[in-house]
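Working notes, structure below.
The residues of the chain are indexed from 1 along the displayed sequence. In each ligand, atom 1 is the first atom listed, and ligand 1 is the first ligand listed.
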Amino acid sequence: MSKKQKTLAVHAGSRLTGSKAVPVAPPVFPAAVNWFDSSEDLSDALDGKDFAYARISAPNASLLEEAVAALEGAEACVAYASGMAALRSVFDAQAWRPGDRLVMPADGYGVTRLLYKNLCARLGVELHALLLTDAQAPARIRELRPRMVLAESITNPLLRVPDLRALSHACGDAGAVFVVDATFPSPHGQRALSLGADYAVQSTSKWLNGHSDALGGTVSGSQARMAPLRAARILAGDVLGPFEAWLTLRGLRTLPVRMKAHAEHAAHVARRLEGSALLDRVIYPGLPSHPDHAVARELLEGGFGPMVAFEIKGGGRPEGDRFLEALRICKPGPSLGDVGTLVMHAASASARRMTPEEREAAGIRESLIRVSVGLEDPDDVADDLLQAVAKGARP
Ligand code: PLP
């Protein structure tokens, strides 16, 4: 059949034929829709056996899921448009009934706290925010018998390191599913599933991507637990786009070498900061002064992680603002996981959506600064932080 110009414009050049080349880097597949010569193949694809429509499954997200599952030591992984979408999907997958209980960290990420607070309120679920590093936390979980417990591997922003093994045993006794947000150490620094988690969550926007150029989230676990998430994602539509998945997979390729260097640099910066008379407290799981140093030694791999926090002596919001504006190398950016050092005033950024009472109970003071240590020379980073602290202290 001869084709006219308009038809050629729409259909010419849409198949790659005759090449046996295997690309070393995967191509980006932006197609939202694929068509099939055979109706049977199309029907199979609509059942999830091939790629039909990108809200059902798509090549770049699938490649990323395969890689993250491998790093997490999981049977399967489901990718989302953001870390928050991943946390939402895990919540939605539970068979909540009014009066059920959810346990989550009192000192964790403020946005997760607000999301779960809102979802619980809607369903009549009781939310119990606990300090999961307290020696009493496992006993409290056994007492409360919650349907779900969420922990953060290293809490945001206070960098506490809960004993996931003890919490997982308590969850087993209480009949609770155990969800671990392992964003801070990344799967390179901790494989939450091997410590008893049922679901391992990552905000891939952070270390897995590593370059601050794509949002994303993943949930990993058994095939049985991932299948309902995958089915629910088709309906909710919170899928990871092809460009974001491609960038994240590209970043993930260097995760182990980046995380080793980030942890070494963080340890160096923490030691340098510890000597400053302008700081009240330096928080790093690798310092013997850290309250969970012994747990961190056992549960974190390849060092003590890339995050450092500190409290500016007598520091409030004005000192924090002056400190951030005085930085010359480090960037005052409200995230973590970049190749460059990102610095944040905790109370006004990661804990912004917590109430003052919630921040107080968590121990998040106005003087608290969180640092995601980058790959610059660590002495340059420490020098920059210290000169900015000095400038922040003096109006
Ligand atoms: N979990 C933790 C520990 C985080 O710090 C964040 C974001 O800062 C999230 C989840 C949410 O991830 P996203 O920003 O990709 O939605």
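Protein heavy atom nearest atom 8 (O) of ligand 1, with residue, atom name and distance: Lys206 NZ, 3.0 Å. Of all protein heavy atoms, the one lying nearest to atom 15 (O) of ligand 1 is Ser205 OG, 2.6 Å. The nearest protein atom to atom 5 (O) of ligand 1, hydrogens excluded, is given as Asn156 ND2, 3.0 Å; this is a heavy-atom distance. Taking atom 9 (C) of ligand 1 as the reference point, the nearest protein heavy-atom neighbour is Tyr109 CE2, 3.5 Å. Closest protein heavy atom to atom 12 (O) of ligand 1: Ser203 OG, 3.0 Å. Atom 10 (C) of ligand 1 has Asp181 OD2, 3.5 Å as its closest protein atom, hydrogens excluded (heavy atom only).
Ion pairing between a basic and an acidic side chain is recognised when a charged N comes within 4.0 Å of a carboxylate O; Lys117 and Glu358 show such pairing.
You'll find the side chain of Val179 stays beyond 4.5 Å of the side chain of Asp198, heavy atoms only.
The CD1 atom of Ile364 sits 8.0 Å away from the OG1 atom of Thr155 when rounded to the nearest 0.5 Å.
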Would Trp96 and Phe91 count as a ring-ring contact (aromatic ring centres under 6.0 Å, His included) if you check the C-alpha gap in whole Å, the side-chain angles of each, and the deciding distance to 0.1 Å?
CA-CA 9 Å; Trp96 296 105; Phe91 181 97; 4.8 Å; yes
Apply ring-ring contact (aromatic ring centres under 6.0 Å, His included) to His262 and Trp207, showing your working.
CA-CA 10 Å; His262 283 293; Trp207 301 107; 4.7 Å; yes
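The N/O atoms of Gly83, backbone and side chain alike, include one that comes under 3.5 Å of an N/O atom in ligand 1.
Within the 4.0 Å heavy-atom cutoff, Gly216 counts among the residues contacting ligand 1.
Using the six-membered ring where Trp is involved, Phe310 and Phe323 have ring planes that are perpendicular, over 60° apart on the 30 and 60° scheme.
Under the 6.0 Å cut-off for aromatic ring centres, His290 and Phe304 do not qualify, their centroids lying 6.0 Å or more apart.
Closest heavy-atom approach to atom 16 (O) of ligand 1 among the candidates Met84, Glu152, Arg88, Met344: Met84.
Every atom of ligand 1 is numbered from 1 in the order shown, and the set under 4.0 Å from a heavy atom of Ser82 is 15 (O), 16 (O).
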